[in-house]
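To start, the structure under review is shown below, and the notes come after it.
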Amino acid sequence: MSIPIPSINIGAILPEIILIATAFVIIFVELFAPKRWRLGIPIICFAGLLAGFYAVGSLWGETIFAFGESVTSDNFALFFKFIFLLGALLVTLISVDYLKREGIYHAEYFFLILLSTVGMMIMASSLDLISIFLGLEVMSIALYVLAGFNRTDPRSNEASLKYFLIGAFASGFLLYGIALLYGNFHTTNLGEIFALLSGQESLSIIGLIGIVLVLIGFFFKVAFVPFHMWVPDVYQGAPTSVTAFMSAGPKAAGFAVLLRIVIYAFNTSSPEFTNLLWIVAVVTMSVGNIVAIAQNNLKRMLAYSSIAHAGYVLVAVVAGGPVGTSAAMFYLLVYTLMNVGAFSILIVFGKRGEDNLNFSDYAGLASKYPLGALAMTLFMLSLAGIPPTAGFVGKFYVFSAAVSQGYVTLAVIGVLNSLISVYYYIRVVVVMYMSAKPAEKFYFTYSVPAIIALIIAAWGTLQLGILPERWLSLAKDSIFSFLL
Amino acid sequence: MVTAAFIIFGLAAIVSAIMVISFRNPMASAIALIVTLCSIAGLFAIMGATFVAALQVIVYAGAIMVLFLFVIMLLNLKRDEFGPEKRKIQRTLGIILGLLLVLEVGIFIQAGLGDFGPSPAGDKGSFTSITELSSLLFTKYLFAFEVTSLLLLVAIVGAVILAKKKL
Amino acid sequence: MPVPLGYYLGLAAIIFTVGVIGVLVRRNAIIILMSIELMLNGANLTLVAFSVHLQELSGQVFVFLVMTVAAAEAAVGLAIIVMIFRNRESVNVDNLNIMKW
Amino acid sequence: MLDKVWLVLLFPLLGFLLNGLFGWKFKRGLINLIACGSVGLSFLVSLGVFLDLLKLAPEARHFEKVLFPWVVSGSFKTAFSFLVDPLSALMILVVSGVAFLIHIYSTGYMHDDPGYVRYFSYLNLFTFSMLLLVLADNLLLMYIGWEAVGLCSYLLIGFWYEKKSAADAGKKAFIVNRIGDFGFALGIMLTFVIFGTVYFTPILERAPEVLQYGGAAATAITLLLFLGAVGKSAQIPLYVWLPDAMEGPTPVSALIHAATMVTAGIYMVARLSALFLMAPVSMLVVAIVGGVTALYAASIGLMQNDIKRVLAYSTISQLGYMFLACGVGAFGAGIFHLMTHAFFKALLFLCAGSVMHALAGELNIQKMGGLKKHMPVTYWTFLMGTLAIAGIPGFSGFFSKDEIIWKAFSSAQGHFLLWFLGAAGALMTAFYMFRLLFLTFHGKSRLTPELEKRAHESPNKMTVPLIILAVLAVIGGYVGIPHLLGGGNRIEKFLEPSFGQVSKAVETHHSGGVELLMMIISVLIALGGVYLAYTFYIKKTELPKKLAERYRSIYTLIYNKYYVDEIYNAVIVQPLKFFAIICWRFFDVIVIDGSANGLAKLVGLIGNLIRRFETGYVRNYALGFVVGVVIILGYFMLR
């Protein structure tokens, strides 16, 4: 019996293939090459990621379907792949010396980072819920391991187990939702679901509960309240470089799928979803910001802040349409830059054993390390959304998208929230610049790659703040073609 | 006949599932879970999904549960939940919420069943052929299939790096 | 006389929820992991029931893929549990709260 | 020169970058050269721009320069582009000019400070940001400048961060300002939604067509924008940060918290005058907030003994006057007062700085006195400033303040009560300023012996800017002599193109006789204040004793005089004092500070409450998860 092989179109998943190949090279170098070659592993990883950028660039502008209709390489997916690659690249850079300092320098780290990135890419480019689910699992399982990468640190252990248990729990809900959607639509292909839905008026009941459960699965991944509770503990416990990684790519990947589901497949659905997302956005922003005020550990504070930022992006998703979609995408790009930048500072000024992370440990940093303090100030101002940083343009774009679609109350609540957030971001700056009692000792890990990463992040934060129009128009070019 | 088998396997699945979450001893829970998995395999079989039923027994009950049992024995866990439950409210709330959840899902499914016709008649036994299943796996779901290979690779590397004593 | 679809779906929902309750009430990490396996099985049963009802094979392919996921999760989850047991001699999740608030 | 307007911004930015990045390697001289030179060049370019603008015909005085596009996406466009018109040209001239003088002054004042380079790089950054704010031709770019000046202000207030009070004051300023900025940001968004653009020119041109006169949209936009102005320009109820901001170095108080940044709110309102005119309710709000603030802050100023705090409350009060002017539609008068105020208030602060410099940082005026002989230049320049702010005829403040008070009465949107607020404020202004002058420079010295020895005139670097500013404070008003006194009110003519049809909308309807009468009244009010201060702080303390000993025969007369003072005291001063104490102690400290701090505490409390849910137990997290699922499913079930 002959099996009709569908058009595979392997070129469409070129970025994924490059990263997988790089991961294999890394594991082979680790296993078979002489010991001293191991120092070159980050370079291999870096080169692979650069090649990934090249692949993304070369695919830009076309919409290719592969493996039948189950994978697509459209601008939407490519924009997100760019964000994932950027996050992975910065994290690779900041990890090198950090891993050595913490005594956990293993090739598997880079292997897992790369494959986790591949998982995100699969999420962004799949059109089939089942392969989205599998991509999610690839990404998550790599992250569970990475969170526990510092095997001897009890906090890292704890983070890993908590993340794993809650993550697998959420996967169960997601899978159950997919099963119900399958029963309702006879298919899990988003394109086919879209075609089916555009024919009929509203969702049937089984389809409704299915989509709700699927959404909840992704609400967990991007950490909306009340599915956020794992975030602070996991962010705090995981090795800092992994936290930086988790806060960037996986969050963007979750939003990529949310956007695909909410706007691509279900754009004809009832206003109840909008109401649901509206409420979730408000609660998420408020809880994230209010609790962040009460934190003393910088990593934990950034964890809550990341919850709040997920809420801001959700505001753009609620707004929907071309403006909302592109605002969300742009914001995620900005968020990746500024947040990984902030974590890079924590890495550079951290101390072995993950100790030096309280506000008071950074008191008076500006007098000893003015450039480091300046960079941190830049990231904090950007996170707070103060011009001329990228965070401001992102927030402005998100909230004006909401206003232009008629969600004025939502925008007002959002702006109020970013007002609250200024309090704790500026607290970092105050501590660094205006502290009567400087910390007794600062720890500084001199690391050229990390400094390069910092420069990239700082430059990007300024560049996107001062000249964002190029990237805004790229985000505009990346929205689904039927929205145009 | 089919109905009787459904009742037997269904009851077995529910009862053993409840046993999984109520036994103190992890070993006993694992055995109960194997019973659940086999009952579900039986359900698959009476529906006519014989290949999946076989996989369920071989892969799930066979391979995965062996891994569980192996770890339980490796760690020599007999009873790990010493002492009384300090947060009784957690247990109470957990059960209440679980019941609410099943109630909601049940009501939704009940209400939504109207959209589905009665089961199509036909010879269920011939429905699943391994050939059709595998041709689907290697054509329409080729991409997903390839992704599972990645998934397993990540899991292997991850498990090794976490559980290995010395790196 | 075939069993109606609704019975299968109801049974699947019950097994799924038993898994959920297990996660909420148990303190032993391994049993929590088993409860998660129960949830996955509930979903699998739903998939197969729909697949048979709709006479469409995809659902069974999914079950096959989900088994891989379950295997991968079990492998990594058990590895994490082993790692934690090495450091703390316990797999009780209520002992794990260094980080809070 | 008009085409090169961006050079105005470039120089201070370069100065900031050079000093900020490499300053720690530079010698003092080079730092001074870069810091002062950059602002000086900026001033020269501003002057060139201004003169070029003057050459054009009045209606052609409108020039836009696009440097490069910034945010372009769909219908939403902004660019780094600048608008030069009479309003912005005047503003850049004032800003760069005053900034230049204060930079020079600072080289003397900050001489021994270890943070010398940091100070000057912040100051240059501030100058750049302020000029950006003024030159922006769209709301978004203005917002950037707006936030950047806020940041610099915050950095400079907390400049001596070793002092806890300074760091706290910085934080307070930043946070209170953010409340205003929140309104401003929303206002910008709403403007964009309604007008489809954030550029000033189309907004102002199309305002009458797009907006309905007195409609909800116009009111909402303008009130939101005004909230921003209230924060930045320290009006009720968001003024609390400004008195605390005096923790910063004194030249900073002069530049940022008196002459330039705090006037940004007035500039913004004036810039968007056409919008505000579409919303009479907002105009009334602006006028009332301005008038009440003017009186309220002045009354607090009566009782303060800290030299800088008196000036701070005075600044708040004067800003209130400017808003009062804007609120009654006299935007030109507001900007005129902004300019003269920049001169005399900068002067007064710098003099205060000079006094502090001489007295090792002493701030309490009760411990001063008789400084006239030690520091003659400071004294005379301070006197000029005091005369100007008190509104004594012939000095700059007279022309501008009188114009405002007159417009508050006579304009179509004016009212007698508004006039009364302004006039009563003027009385208090004259009183507290002369009280300050007398207590500081006149009378017997109450200095400690060491300070007495130490007291000296400041170096030339500091006195020369004082003299220049004093000259400006005296003659600055002559560009705006009202028609009544034979002048052409040139400044308001000059500004007219920027306000378009505005000036016609608020044409006055009163005859010259009334105007003359009102002018005389206000002069009398000013003189009355001076007289009161004089009796209290010169006569009462010294004359009674001397006269009582020497001339026993006319002692009764003097005694009677003294008696009058007692009546004054009972009738005017005590109630005023009471009022002032209520305002300061109760309203300021308890209600406003209390509610601001209370809000912060409340949020912190809620945060602490919510974080308790984060128990650290993974099962609780799963429970939270299921709660979420149940609620969301329930929501869909019950809909």
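Lettering follows sequence order; numbering is per chain, from 1.
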Toward chain D, the part of [X] with a non-hydrogen atom under 4.5 Å:
{"X": "A/V225", "value": "neither"}
{"X": "A/V430", "value": "both"}
{"X": "A/L165", "value": "side chain"}
{"X": "A/A384", "value": "backbone"}
{"X": "A/L381", "value": "side chain"}
{"X": "A/A292", "value": "neither"}
{"X": "A/N289", "value": "neither"}

Quick check on the interface: out of [options], who has the most heavy-atom pairs with chain D under 4.5 Å?
{"options": "A/V323, A/I420, A/V212, A/L419", "answer": "A/L419"}
{"options": "A/L215, A/I279, A/V422", "answer": "A/V422"}
{"options": "A/L374, A/V415, A/L213, A/I209", "answer": "A/V415"}
{"options": "A/F399, A/Y423, A/W471", "answer": "A/F399"}

If every non-hydrogen atom of [X] is compared with every non-hydrogen atom of [Y], which pair is closest and at what distance?
{"X": "D/I144", "Y": "A/P387", "result": "CG1-CB, 3.5 Å"}
{"X": "D/F636", "Y": "A/E272", "result": "CE2-CB, 3.7 Å"}
{"X": "D/G628", "Y": "A/P226", "result": "CA-CG, 3.5 Å"}
{"X": "A/A294", "Y": "D/N608", "result": "CB-OD1, 3.6 Å"}
{"X": "A/M229", "Y": "D/E614", "result": "O-OE1, 2.6 Å"}

Checklist entry - A/F396 and D/M189: side chain to side chain contact (heavy atoms under 4.5 Å, CB included), yes or no, with the steps? => result CA-CA 8 Å; A/F396 184 83; D/M189 285 178 202; 4.0 Å; yes
Item to check | Note, D/V618 side chain near A/L161 side chain (heavy atom, < 4.5 Å) | outcome: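 Side chain of D/V618 against side chain of A/L161, heavy atoms only: no contact under 4.5 Å found.
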Item to check | Verdict with reasoning, A/I386 to D/R178, per side chain to side chain contact (heavy atoms under 4.5 Å, CB included) | outcome: CA-CA 10 Å; A/I386 291 166; D/R178 286 297 291 183; 3.4 Å; yes
Distance, nearest 0.5 Å, that separates [atom1] of [X] from [atom2] of [Y]:
{"X": "A/F169", "Y": "D/R619", "atom1": "CZ", "atom2": "CZ", "value": "12.0 Å"}
{"X": "A/T389", "Y": "D/E147", "atom1": "OG1", "atom2": "CD", "value": "9.0 Å"}
{"X": "D/L186", "Y": "A/S400", "atom1": "CG", "atom2": "OG", "value": "11.0 Å"}

Answer with side chain, backbone, both or neither: which region of [X] has an atom nearer than 4.5 Å to a non-hydrogen atom of chain A?
{"X": "D/F80", "answer": "side chain"}
{"X": "D/I606", "answer": "both"}
{"X": "D/L605", "answer": "neither"}
{"X": "D/V629", "answer": "both"}
{"X": "D/F182", "answer": "both"}
{"X": "D/I631", "answer": "neither"}

Next on the checklist: Which residue in the set A/D233, A/V234, A/V231 passes side chain to side chain contact (heavy atoms under 4.5 Å, CB included) when paired with D/Y621?
Outcome noted: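 Exactly one option meets the side chain to side chain contact (heavy atoms under 4.5 Å, CB included) with D/Y621, and it is A/D233.
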Next on the checklist: With side chain to side chain contact (heavy atoms under 4.5 Å, CB included) as the criterion, how do D/Y635 and A/N275 come out once you've worked through the C-alpha distance, each side chain's angles and the decisive distance to 0.1 Å?
Outcome noted: CA-CA 10 Å; D/Y635 165 79; A/N275 288 343; 3.1 Å; yes
Next on the checklist: Which label fits A/F227 and D/F625: parallel for a plane angle under 30°, tilted from 30 to 60°, or perpendicular past 60°?
Outcome noted: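 Correct class here is perpendicular.
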Checklist entry - Do A/K162 side-chain atoms and D/Y617 backbone N/O form a donor-acceptor pair below 3.5 Å? => result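 Checking the backbone N and O of D/Y617 against the side chain of A/K162, no donor-acceptor pair under 3.5 Å is found.
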Next on the checklist: Let's test your reading of the structure: which of D/G616, D/G150, D/A148 forms the most heavy-atom pairs below 4.5 Å with chain A?
Outcome noted: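 Of the candidates given, the most pairs with chain A belong to D/G616.
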Next on the checklist: Looking at chain A, which one of D/A166, D/A185, D/G115, D/G158 has the largest number of heavy-atom pairs inside 4.5 Å, strictly under?
Outcome noted: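 With the most close heavy-atom pairs to chain A, the winner is D/G158.
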Item to check | Pair A/L276-D/I632, side chain to side chain contact (heavy atoms under 4.5 Å, CB included): steps then yes or no | outcome: CA-CA 8 Å; A/L276 172 71; D/I632 292 176; 3.9 Å; yes
Checklist entry - Can we call the ring centroids of A/F392 and D/Y143 under 6.0 Å apart? => result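 Aromatic pair counts; centres sit under 6.0 Å.
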